[in-house]
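First comes the structure, then the notes that go with it.
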Number of protein chains: 2
Amino acid sequence: MTGMPPKSDESYLHRVSRVLGAFRAEDDAVGAAELARRTGLPRSTVHRITLGLIEEGLLERCGTEVRLGLRLFEIGQRVPRQRVLRDAALPYMADLREATRQTVHLAVLEGREVVYVEILGTPGGPALPSRVGGRLPAHATGVGKAILAFSPPEVTRAVLDGELARVSERSLVAPGLLARELARIRRDGVAYDNEESGRGIVCAASPVHGRDGEVLGALSVSGWVNRVRLARVAPAVHTAALALSRTLGYRGPAQTLRQPGIQAPSSTV
Amino acid sequence: MTGMPPKSDESYLHRVSRVLGAFRAEDDAVGAAELARRTGLPRSTVHRITLGLIEEGLLERCGTEVRLGLRLFEIGQRVPRQRVLRDAALPYMADLREATRQTVHLAVLEGREVVYVEILGTPGGPALPSRVGGRLPAHATGVGKAILAFSPPEVTRAVLDGELARVSERSLVAPGLLARELARIRRDGVAYDNEESGRGIVCAASPVHGRDGEVLGALSVSGWVNRVRLARVAPAVHTAALALSRTLGYRGPAQTLRQPGIQAPSSTV
DNA sequence: GCCCTCGTCCCGTCACGCGGGACACGCCCG
DNA sequence: CGGGCGTGTCCCGCGTGACGGGACGAGGGC
């Protein structure tokens, strides 16, 4: 009687972000009560926030329920991390699919997970756990390991020190084994996934570098374990990733490794 | 002396939305001052808002500048209007590209413009003005006219009554001509674009319907005016759009038109 | 009938968003 | 070298708009 003062110390923006994040990939429209349940916010707060978001076009009314608005899709397509990589990669991905007749993935690293930026599927391919815009733990995927192997130490450390979730029964969950695997990938330039992210699915992946040598993401080719010869697709993925890196301004490994007489570490195909 | 009181009557959310909308498709990172200029907001307001958005992962720091965050891409991929349509359409779009060897578009209507949801390009094709997540005036594109022809009257009216921008020298800018064209499309089930959206580019488009007969979007095939025979691709586009509509639950035109002896208006191939 | 859940709206209270201004820094030009 | 400009960043008194408990009616299941 009352007019409660706010009791939480989180900002308005944080609540709005919570509401937007409460929508799941498989949702269509969601009711206000369900959003309140998912976010832990009071029903009136959710209702007020959704009204504001609708006014901005970030949400759309659907009867009395609400769903993510098309404007969020438009803004999402402008995100540089995915746009520049995807635009440059698409032709190479199409070539890879043509050459291998398997599913081709492009992903970037975000925290300890990979986010898939583009996927070119094949008619006969397996049902994969990856979705465009979806996440999977980096240590359990080919693209993730390819990126981690060439990431700065603090990024790799964050993954090795964190919990290594068991995505499939063959996932690498021992930090030591993962670290040794990353060292091998660093030498060969190609990462493999032997049913570590899904039963019966194997994959070869290779990192994509930017102008200054930093890792931007990774390309991969994946398919059924008994229909893909990794030794055959690995060179193709590696070559495509190098070609893509070159179009992005990559000039080869750091100069300390380019002294004549010293090896070229990533050409062990 | 002084702690100015807020002087604008727009909400905080509206300012946040303005900041997010201030990023253009071609931008990478943008400075706070530039954002303030684009949004018309005070520099300190922009600075405060960007700090909050960074904390939520909706923006990313890039030196002292700022860019759209990967989380916006993830959320954008969950938007139902594009997700369900894109997922269902991709196989049909691939078939269309295979059969016509031309660029295939999938778009939805938003206000008086179309938003492109997916584009399958071809190596030899022309450089098109369309981008995934980009907008073009509905009246100046094949997909736009295909959607408008089967939209509720108030939607069509909003376009006819508004300004019809001249996108290319052949754009339809006369409301009467456009209305007559929409009536023809309603009869034939196929819309054409004869260099109305870009010089030298033609296109055939056909609407995609949902379970209740409502228009969800449109498919199109486009290419160079002298390399595409519209009479040949139009049936392909029409067929693909009907097949896609069927997988989405469409059962044919409204029942009042299905009485035996009356015509089946959209089968004039 | 009852009861639970839903979307919606009201309202007294106070945290927090507000924006002018200050400050340091880097850059260009004279 | 110094002045002028445009940055990014931060401070601070102010008052407005976000806050959430609760009320209300509608719908649906038992």
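In what follows, chains are A, B, ... by sequence order, proteins preceding strands, each numbered from 1.
- Listed by residue number, the members of residues 61-69 of chain A with any heavy atom below 4.0 angstrom from DNA chain C are R61(A), T64(A).
- Using a 4.0 Å cut-off between charged nitrogen and carboxylate oxygen, E10(B) and R18(B) count as a salt-bridge pair.
- Of the possible polar contacts, none joining the T39(A) side chain to the V19(A) backbone as a donor-acceptor pair under 3.5 Å is found.
- Evaluation of the side chain to side chain donor-acceptor pair (under 3.5 Å) test over residues 67-77 of chain A, restricted to residues two or more places apart or in two chains, returns E60(A)-R67(A), R71(A)-S17(B), E74(A)-R135(B).
- Residues from residues 28-38 of chain B with heavy atoms under 4.0 angstrom of DNA chain D, sorted by number: G31(B), A32(B), A33(B), R37(B).
- Near DNA chain D, meaning a heavy atom under 4.0 Å away, the residues from residues 48-57 of chain A are R48(A).
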Only pairs under 3.5 Å count here: list side-chain donor-acceptor contacts from residues 45-55 of chain B, not counting sequence neighbours, and write none if there are none.
residue: T50(B); atom: OG1; partner: V46(B); partner atom: O; Å: 3.1
residue: T50(B); atom: OG1; partner: H47(B); partner atom: O; Å: 2.8

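- The side chain to side chain donor-acceptor pair (under 3.5 Å) search around H105(B) returns S130(B), not counting sequence neighbours.
- Neither OP1 nor OP2 of dG22(D) sits under 4.0 Å from any side-chain N or O of R43(A).
- Considering only side-chain N and O atoms, R15(A) lies under 4.0 angstrom from the phosphate OP1 or OP2 of dG20(D).
- As rounded to whole Å, 16 Å separates atom P of dA15(C) from atom CD of E10(A).
- The local environment of CD in E163(B) is sparse, with at most 12 non-hydrogen atoms from other residues, nucleotides or ligands closer than 6.0 Å.
- Rounded to whole Å, atom P of dA18(D) lies 18 Å from atom NE2 of H14(A).
- S245(A) is linked by a side chain to side chain donor-acceptor pair (under 3.5 Å) to nothing, counting only residues two or more places apart in sequence or in another chain.
- Residues meeting the salt bridge (Lys or Arg N to Asp or Glu O under 4.0 Å) test with D27(A), sequence neighbours left out: R38(A).
- Between dT9(D) and H47(B), a contact under 4.0 Å exists linking OP1 or OP2 to a side-chain N or O.
- With sequence neighbours excluded, no residue forms a salt bridge (Lys or Arg N to Asp or Glu O under 4.0 Å) with E65(B).
- Between the side chains of E56(A) and H14(B), a donor-acceptor pair is found at a separation under 3.5 Å.
- Atom CG of L13(A) is separated from atom P of dC18(C) by 10 Å (rounded to the nearest Å).
- Taking the salt bridge (Lys or Arg N to Asp or Glu O under 4.0 Å) definition, one finds that R37(B) meets it with E34(B), sequence neighbours left out.
- With salt bridges taken as basic N to acidic carboxylate O contacts below 4.0 Å, none links E26(A) and R78(B).
- Evaluation of the salt bridge (Lys or Arg N to Asp or Glu O under 4.0 Å) rule for R157(B) yields no partner, not counting sequence neighbours.
- As a whole-Å value, the separation of L41(A) CG from dG7(C) P is 15 Å.
- For S44(A) and dG21(D), the shortest distance from a side-chain N or O to OP1 or OP2 is not below 4.0 Å.
- In the helix from dG1(C)-dC30(D) to dG30(C)-dC1(D), the end axes, each obtained as the rotation axis mapping the C1' atoms of four pairs onto the next four within a five-pair block, lie 40° apart to the nearest 10 degrees.
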